[in-house]
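Below is one structure; the comments refer to it alone.
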Amino acid sequence: MAGTHITISPQGFEQATNLFHELAKRGNNLEPAMAAIGEYLVGSNQDRIAAGVDDEGKAFTPLSKVTKERKAKNKDKVLIENGYLFNLVYQATADAMQMGTDRVQGAMLYYGGTRDKYPSLWGDIPARHFIGISSDDRDEVMAIINDYLSDAESA
């Protein structure tokens, strides 16, 4: 063959082949990435609870006068008396991550409720969405996934 040429053969492509195999393997088991996302989101949501805002940065509905009077401590902090809602938990699997609270009152505090429907309440409870994913959280979740898949090269 006259002039210049290039030859392509399987020899020399082992690194690329190995990288594709590692990427496929990582893509089929995202549990480490899901666990990292869970850890991040637990912290992020705890920070928002402490700040008194939802995932869009909106302040929680303030406490009623009755609730403030009934609270033994942290009287001015929404969703915080003993810190139980800080017990956010997550479960990571190869293809999903679930996060929430294991506290029985969590659903009522998240969705709200009325005395008409729940007579044991001392008043209506407004919904306060204390678990969620902000736009910053979305960016971080994407970065975690990207880092996890990018790490295939160093494996």
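When a residue number appears, it is its place in the shown sequence, counting from 1. Values below: every heavy atom of this structure, side chains too, minus hydrogens, waters and symmetry copies.
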Just how far is it from atom [atom1] of [X] to atom [atom2] of [Y], taken to the nearest 0.5 Å?
{"X": "Ile125", "Y": "Ser64", "atom1": "CD1", "atom2": "OG", "value": "9.0 Å"}
{"X": "Tyr118", "Y": "Asp124", "atom1": "OH", "atom2": "CG", "value": "12.0 Å"}
{"X": "Leu109", "Y": "Ile49", "atom1": "CG", "atom2": "CD1", "value": "10.0 Å"}
{"X": "Lys117", "Y": "Met108", "atom1": "NZ", "atom2": "CE", "value": "8.5 Å"}
{"X": "Trp122", "Y": "Glu69", "atom1": "CH2", "atom2": "CD", "value": "11.5 Å"}
{"X": "Met34", "Y": "Ile144", "atom1": "CE", "atom2": "CD1", "value": "10.5 Å"}

Subject >> Cluster link Tyr40 to Leu149, ILVMFWY, side chain under 4.5 Å >> reply: yes
Original post:
Among the clusters formed by ILVMFWY side chains lying less than 4.5 Å apart, do Leu88 and Ile80 turn up in the same one?
Top reply: yes
**OP:** Can you establish whether the number of heavy atoms outside Met142 located under 6.0 Å from its atom CE is more than 12?
**Re:** no
**OP:** Would you please name every residue forming a ring-ring contact (aromatic ring centres under 6.0 Å, His included) with Tyr110, sequence neighbours left out?
**Re:** His129, Phe130
Subject >> Closest contact, heavy atoms only, Ala35 versus Ala92 >> reply: N-CB, 3.5 Å
Subject >> Heavy-atom closest pair, residues Pro62 and Val78 >> reply: CA-CG2, 4.2 Å
Original post:
Which is it for Val89 and Met99 under the side-chain contact (heavy atoms from CB on, under 4.5 Å) test, yes or no, and what are the steps along the way?
Top reply: CA-CA 6 Å; Val89 294; Met99 184 191 72; over 6 Å; no
**OP:** Keeping to residues at least two apart or across chains, list the salt bridge (Lys or Arg N to Asp or Glu O under 4.0 Å) pairs with something in residues 30-55.
**Re:** Arg48-Asp137
**OP:** Would you please test Leu41 and Met97 for side-chain contact (heavy atoms from CB on, under 4.5 Å) and show each step?
**Re:** CA-CA 10 Å; Leu41 288 176; Met97 187 282 300; 3.6 Å; yes
Do side-chain atoms of [X] reach the backbone of [Y] as a donor and acceptor pair under 3.5 angstrom?
{"X": "Asn74", "Y": "Glu81", "answer": "yes"}
{"X": "Lys75", "Y": "Lys71", "answer": "yes"}
{"X": "Arg115", "Y": "Leu121", "answer": "yes"}
{"X": "Arg128", "Y": "Leu79", "answer": "no"}
{"X": "Ser150", "Y": "Asn146", "answer": "yes"}

**OP:** Could you give me the CA-CA distance, side-chain angles and deciding distance for Ile37 and Glu140, then say whether side-chain contact (heavy atoms from CB on, under 4.5 Å) is met?
**Re:** CA-CA 8 Å; Ile37 291 166; Glu140 184 61 25; over 6 Å; no
**OP:** Go through Leu30 and Tyr148 one step at a time and tell me if the side-chain contact (heavy atoms from CB on, under 4.5 Å) criterion holds.
**Re:** CA-CA 8 Å; Leu30 296 174; Tyr148 176 71; 3.7 Å; yes
Original post:
Side chains of Ser134 and Asp136: is there a donor and an acceptor less than 3.5 Å apart?
Top reply: no
Original post:
Could you walk me through whether Thr93 and Asp95 pass the side chain to side chain donor-acceptor pair (under 3.5 Å) check?
Top reply: CA-CA 5 Å; Thr93 65; Asp95 61 358; 3.3 Å; yes
